[in-house]
Participant: 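I have a structure here, written as structure tokens, and I will follow up with some questions on it.
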Amino acid sequence: GDEISAVINKLWNLQLFSDINFYITLIEGDRVALEIEIEELPTLGEVKINGLKKGKIESLLKDTELKSGKKLSESFLTNTKNYIIKKYQKEGFLNTKVAFNTIEDSLQNNIYRMVVNIDLGKRVKISEINFEGNEVFSDKKLRSKLKKTKQRLPLRFWKKSKFIEEDFEADKEKLLDFFKEKGYRDARIVRDTTFLAADNTLAVNFEVEEGRRYYFGDINYLGNSVYSNLQLNQVLGIKKGDPYNGVLLKKRIADEKPDA
């Protein structure tokens, strides 16, 4: 029982077979003769990709395991399809579609040729960026802090308004840095949502919490034997009562040295 299960699990873990069955063919005393029936997964032969430029095809083949000799399991096909879709969605092609077409090779047993059809569609552009929960700063002000995530404006059609996930994530950090620079060190993005409209444009909504504003109090130094408090204060350029700017404070501590 347990030994047979272990053998079958080892065979499955090889990821070479689509079906495994075993049969008892003979019982003699305490000995049992087994017959194991296996069905091999089809093997990938030639691969062709449609819908991409040559350079992108070569890059995609390197990034995936779409190469001759690969066993075509359902999990491999599903994972590869999802990978391709997510890869190009991150580049702004949110409507990417992928379809695999496999054709059995008539000259080789269990070898399949594959055609990968990729339809990127058009890059999705941002129609509007809205904020909720902001009381101190206007929507316009907050939008201006998103350096690469911009909404489409009719009179500024040449401005970039494509949705790129990597840029979007970086811009969220820039938005939080802006709040921190103004003293709102507890500010956070509660949630961000996107809505794809029928005209293939994207609405981006932010819900933010600004929190309370902080100010610098007394600044004390410990262990400064070389530089005086006055010299260190001049380096920081910060005085009591200034709005707390954690971003600037961190930068000045890391980058500057006082003159001896």
Side-chain angles (χ1 to χ4, degrees), residues 47-67 70 75-102 114-134 137-181 187-209 247:
V47 182
K48 181 181 179 182
I49 297 179
N50 296 326
L52 298 178
K53 294 181 179 179
K54 183 178 179 181
K56 286 184 176 290
I57 291 175
E58 292 174 353
S59 175
L60 186 61
L61 289 173
K62 289 180 181 179
D63 293 342
T64 63
E65 295 184 34
L66 287 171
K67 57 191 67 175
K70 179 66 180 178
S75 61
F76 168 72
L77 294 174
T78 299
N79 292 339
T80 302
K81 181 177 181 179
N82 290 339
Y83 172 83
I84 295 172
I85 291 172
K86 289 178 181 178
K87 173 181 172 66
Y88 291 108
Q89 284 181 339
K90 288 179 180 179
E91 296 181 13
F93 298 99
L94 300 190
N95 297 312
T96 298
K97 295 180 176 63
V98 177
F100 295 139
N101 184 21
T102 54
M114 176 183 287
V115 178
V116 183
N117 294 305
I118 301 175
D119 180 8
L120 298 180
K122 291 184 178 180
R123 272 200 172 103
V124 172
K125 295 189 175 184
I126 302 170
S127 59
E128 57 184 273
I129 301 174
N130 303 307
F131 291 87
E132 297 177 21
N134 49 312
F137 302 104
S138 67
D139 284 20
K140 183 178 180 181
K141 185 70 173 178
L142 296 180
R143 285 191 203 103
S144 72
K145 302 305 169 183
L146 304 173
K147 298 304 180 184
K148 294 186 177 180
T149 306
K150 302 291 185 182
Q151 68 181 24
R152 186 175 60 183
L153 297 174
L155 299 180
R156 298 170 64 191
F157 58 87
W158 66 91
K159 290 288 185 180
K160 178 182 176 182
S161 62
K162 296 169 184 175
F163 182 84
I164 308 297
E165 185 175 332
E166 186 177 355
D167 293 342
F168 180 61
E169 293 300 321
D171 277 342
K172 288 195 291 184
E173 293 300 320
K174 289 184 174 65
L175 182 62
L176 291 176
D177 282 347
F178 167 72
F179 281 115
K180 292 174 183 176
E181 288 168 357
R188 67 189 186 102
I189 298 172
V190 179
R191 66 175 60 88
D192 58 87
T193 56
T194 56
F195 175 74
L196 187 62
D199 63 353
N200 202 43
T201 62
L202 197 73
V204 179
N205 299 310
F206 289 98
E207 182 181 343
V208 299
E209 280 185 6
V247 176

Participant: Among I84, I57, N117, whose side chain to side chain contact (heavy atoms under 4.5 Å, CB included) with I49 holds?
Facilitator: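 Exactly one pass, corresponding to I57.
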Participant: Heavy-atom count check: over 12 atoms from other residues, nucleotides or ligands less than 6.0 Å from K81 NZ?
Facilitator: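 At most 12 heavy atoms, drawn from other residues, nucleotides or ligands, come within 6.0 Å of this atom.
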Participant: I'd like to check the side-chain contact (heavy atoms from CB on, under 4.5 Å) partners of E65; sequence neighbours left out, ordered by chain and number.
Facilitator: K70, F76
Participant: Evaluate whether atom CD of E169 has more than 12 neighbouring non-hydrogen atoms of other residues, nucleotides or ligands under 6.0 angstrom away.
Facilitator: yes
Participant: Can you confirm whether K174 sits close enough to K145 that some side-chain heavy atom of one is under 4.5 Å from a side-chain heavy atom of the other?
Facilitator: no
Participant: What residues form a ring pair (Phe, Tyr, Trp, His ring centres under 6.0 Å) with F168, not counting sequence neighbours?
Facilitator: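 By the ring pair (Phe, Tyr, Trp, His ring centres under 6.0 Å) rule, F168 matches F163, F206.
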Participant: Between D139 and N134, does any side-chain donor sit less than 3.5 Å from a side-chain acceptor?
Facilitator: yes
Participant: Looking at G121, is its backbone amide N or carbonyl O close enough to the side chain of N95 to form a donor-acceptor pair, meaning the two atoms are under 3.5 Å apart?
Facilitator: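 No, N95 side chain to G121 backbone: no donor-acceptor pair under 3.5 Å.
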Participant: Donor-acceptor check, side chain of S127 to backbone of L202, threshold 3.5 angstrom: yes or no?
Facilitator: yes
Participant: Could you tell me whether the side chain of Y83 reaches within less than 4.5 Å of the side chain of D63, counting heavy atoms only?
Facilitator: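 Side-chain contact under 4.5 Å: yes.
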Participant: Would you indicate whether the side-chain heavy atoms of N130 and R143 approach each other to under 4.5 Å?
Facilitator: yes
Participant: Within the structure provided, determine whether K172 and D192 are in side-chain contact (heavy-atom separation under 4.5 Å).
Facilitator: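 The answer is yes; the side chains approach within 4.5 Å.
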Participant: Got a sec, which residues hit side-chain contact (heavy atoms from CB on, under 4.5 Å) with D119, two or more places apart in sequence or on another chain?
Facilitator: K97
Participant: So does T149 get a backbone contact from the side chain of D167, meaning a donor-acceptor N/O pair under 3.5 Å?
Facilitator: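 Answer holds: no.
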Participant: Counting only N and O atoms by type, is there a donor-acceptor contact under 3.5 Å from the side chain of R152 to the main-chain atoms of K125?
Facilitator: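 Looks like no, no N/O pair under 3.5 Å.
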Participant: If the condition is side-chain contact (heavy atoms from CB on, under 4.5 Å), which residues does S144 pass it with, not counting sequence neighbours?
Facilitator: K141
Participant: Check whether any side-chain N or O of T64 sits under 3.5 Å from a backbone N or O of L60 as a donor-acceptor pair, and report yes or no.
Facilitator: yes
Participant: Just wondering, more than 12 heavy atoms not from K90 lying within 6.0 Å of its NZ?
Facilitator: no
Participant: Tell me every residue that passes salt bridge (charged side-chain N to carboxylate O under 4.0 Å, His left out) with E207, counting only those two or more places apart in sequence or in another chain.
Facilitator: R191
Participant: If we only count heavy atoms from C-beta on, is the L196 to T194 side-chain gap below 4.5 Å?
Facilitator: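 SC-SC contact between L196 and T194 ruled out.
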Participant: Taking F131 as the fixed residue, which of L175, N205, I189 is the one that meets the side chain to side chain contact (heavy atoms under 4.5 Å, CB included) rule?
Facilitator: L175
Participant: Which pairs with one or both residues in residues 49-61 pass salt bridge (Lys or Arg N to Asp or Glu O under 4.0 Å), sequence neighbours excluded?
Facilitator: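 Every salt bridge (Lys or Arg N to Asp or Glu O under 4.0 Å) pair that includes a residue of residues 49-61, provided the two are not neighbours, is K56-E91.
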